Asks: 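The structure's right below; bear with me while I get my questions together.
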Amino acid sequence: MRHYGLIGRHLSHSFSANFFRVKFQNERIDADYTLIEIEDIATIRDVVIERELSGFNVTIPYKESIIPYLDELSEEAKAVGAVNCVVVRGGRLVGYNTDITGIEASLEWMDVDMNARALILGTGGAAKAVQYVLSKYNLAYSTVSRDKERGDYTYEGLDADSVARHTLIINATPVGMSPNKEDAPILPYDAIGAEHKVFDLIYNPATTELLRLTKERGAATMNGILMLQTQAIASWHIWQRAYEEFKEENIC
Ligand code: NAP
């Protein structure tokens, strides 16, 4: 039996655990997926050995801090500086970023205008993955941070004209995430109209206050559920490919 899991600190709710348990059951794959809470990412190699992991996902707060403990990074994970999927190959830990695949799928689904200028809210790991994808597609973007040193705008400095010029708005902050469902990023909402597309990476709730407020003003909206599903499927493809390669090399 192959063992997979999710590494994080507080993991009471996990889409991935349900997703993989249902997948393994339905497709009769001899594997399990467990939630693994660790207090210190420096213990990751011991955890991998102890639990005989073939691969795992990584979530908050370890997506960046795990990097020094990995043997190799995919080009994308290196460029973004964050890892959410690791494959164990002959004792070596190789890090990938499948959030990128999820973001690409979501932007494709939204049929984003390649001439649009994007406004990315937040400057954390998910925001960096969004920046990577937008750069790959040559889409211009500006960033918004609470700290004026980190972003092109602060929320206080974001006026109606700037929001009107940025017709793709991407929320990569946790603002509005359950249980704080009534919160929304501070924006001049009246500058938003039918020409806007708004992508909120949050998946719980499905309709955040940001999506409700912008949809009400005519914007096309998208939540983080497709991204979540796509990154899980992409993780599975990476693990399965490694497993097939291992079988080919070791079983005659
Ligand atoms: P993070 O690193 O904890 O936070 C992202 C950024 O949000 C921070 O760097 C910060 O930027 C800003 N921020 C944090 N608290 C804020 C607040 N109270 N007000 C305004 N800005 C705040 O999180 P992350 O890993 O990048 O994830 C961001 C969001 O994306 C989360 O909601 C997460 O659930 C979601 N996500 C979804 C998926 C998916 O598959 N759908 C995958 C990954 C992440 P500044 O300090 O520069 O303001």
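Each ligand, and each atom within it, is numbered from 1 in the order the structure gives. Below, all heavy atoms of this structure are taken into account, side chains as well, without hydrogens, waters or symmetry copies. A quick note: this is a predicted structure, and the numbers were derived from the prediction, not measured.
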Asks: Would you kindly specify which portion of Leu228 sits under 4.0 Å from ligand 1, judged on non-hydrogen atoms: side chain, backbone, both or neither?
Replies: both
Asks: Looking only at protein heavy atoms, identify the closest one to atom 38 (C) of ligand 1 and say how far it is in Å.
Replies: Met227 CE, 3.6 Å
Asks: To the nearest 0.1 Å, how far is atom 18 (N) of ligand 1 from its closest protein heavy atom, and which atom is that?
Replies: Arg146 NH1, 3.7 Å
Asks: Could you tell me which non-hydrogen atom of Gly91 sits nearest to which non-hydrogen atom of Asp71, and how far apart they are?
Replies: O-OD2, 4.0 Å
Asks: Based purely on interatomic distance, does Gly224 place a nitrogen or oxygen under 3.5 Å from a nitrogen or oxygen of ligand 1?
Replies: yes
Asks: With the threshold set at under 4.0 angstrom, would you say Ala172 reaches ligand 1 through any of its heavy atoms?
Replies: yes
Asks: Determine, stepwise, if the pair Asn171 / Thr173 fulfils side-chain hydrogen bond (donor to acceptor under 3.5 Å, both in side chains).
Replies: CA-CA 6 Å; Asn171 180 34; Thr173 79; 2.8 Å; yes
Asks: Could you tell me whether atom 3 (O) of ligand 1 has at least one protein heavy atom nearer than 4.0 Å?
Replies: no
Asks: Is it true that the side chains of Asn57 and Tyr33 contain a donor and an acceptor less than 3.5 Å apart?
Replies: yes
Asks: What do you reckon, does Ile225 have a nitrogen or oxygen under 3.5 Å from a nitrogen or oxygen of ligand 1?
Replies: no
Asks: In the protein, which heavy atom is nearest to atom 46 (O) of ligand 1, and how far is it?
Replies: Arg150 NH2, 2.7 Å
Asks: Any side-chain to backbone donor/acceptor pair from Thr230 onto Leu226? Under 3.5 Å, distance only.
Replies: yes
Asks: Can you establish whether the number of heavy atoms outside Lys23 located under 6.0 Å from its atom NZ is more than 12?
Replies: yes
Asks: With atoms numbered from 1 as shown, which atoms in ligand 1 lie under 4.0 angstrom from a non-hydrogen atom of Gly125?
Replies: 2 (O), 26 (O)
Asks: Does any N/O atom on Ala127 come nearer than 3.5 Å to any N/O atom on ligand 1?
Replies: no
Asks: Should Leu201 be counted as touching ligand 1, given the test is an N or O pair under 3.5 Å?
Replies: yes
Asks: Answer yes or no: does atom CD of Glu182 have more than 12 heavy-atom neighbours from other residues, nucleotides or ligands under 6.0 Å?
Replies: yes
Asks: Flag the pair Lys136 and Glu104 as a salt bridge only when some basic side-chain nitrogen lies within less than 4.0 angstrom of an acidic carboxylate oxygen.
Replies: yes
Asks: Please confirm whether Lys63 comes under 4.0 Å of ligand 1, counting heavy atoms of the residue only.
Replies: yes
Asks: Within the 4.0 Å heavy-atom shell around Asp99, which atoms of ligand 1 are there?
Replies: 42 (C), 43 (C)
Asks: Is it the case that Arg2 places NZ or CZ above or below the six-membered ring of Tyr243, under 6.0 angstrom from the centre and within 45 degrees of the axis?
Replies: yes
Asks: Taking the side chain from His166 and the backbone from Val163, do they hold a donor-acceptor pair closer than 3.5 Å?
Replies: no
Asks: Using a heavy-atom cut-off of under 4.0 Å, does the side chain or the backbone of Val175 touch ligand 1, or both, or neither?
Replies: side chain
Asks: Looking only at protein heavy atoms, which one is nearest to atom 23 (O) of ligand 1, and what is the separation?
Replies: Ile60 CD1, 4.2 Å
Asks: Say whether Tyr203, considering both its backbone and side-chain N or O atoms, lies within less than 3.5 Å of an N or O atom on ligand 1.
Replies: no
Asks: Is it the case that more than 12 heavy atoms not belonging to Tyr137 sit under 6.0 Å from its OH atom?
Replies: yes
Asks: Any idea which protein heavy atom is nearest atom 33 (C) of ligand 1, and the distance to it?
Replies: Met177 SD, 4.4 Å
Asks: Give the minimum heavy-atom separation between Ala160 and Ala191, together with the two atoms involved.
Replies: O-CB, 3.4 Å
Asks: Within the structure provided, determine whether Lys197 and Thr167 are in side-chain contact (heavy-atom separation under 4.5 Å).
Replies: no
Asks: Using a 4.0 Å heavy-atom cut-off, which part of Asn84 comes near ligand 1: side chain, backbone, both, or neither?
Replies: neither
Asks: For Asp147, state whether at least one heavy atom is located under 4.0 Å from any atom of ligand 1.
Replies: no
Asks: Atom 1 (P) of ligand 1: which protein heavy atom is closest, and how many Å away?
Replies: Gly124 CA, 4.8 Å
Asks: Going through the checks in order, is the salt bridge (charged side-chain N to carboxylate O under 4.0 Å, His left out) test met by Arg9 and Glu37?
Replies: CA-CA 5 Å; Arg9 192 173 276 154; Glu37 292 189 351; over 6 Å; no
Asks: Which option, Gly151, Ala232, Ala126, owns the non-hydrogen atom nearest atom 24 (P) of ligand 1?
Replies: Ala126
Asks: Taking CD in Glu52 as the centre, count heavy atoms belonging to other residues, nucleotides or ligands within less than 6.0 Å. Is the count above 12?
Replies: no
Asks: Taking only heavy atoms of Ile202, which atoms of ligand 1 are found under 4.0 Å from at least one of them?
Replies: 32 (O)
Asks: On a heavy-atom basis, I'd like to know which of Thr123, Ile186, Asn171 is closest to atom 11 (O) of ligand 1.
Replies: Thr123
Asks: Taking distance alone, with no angle check, do Ser145 and ligand 1 share an N/O pair under 3.5 Å?
Replies: yes
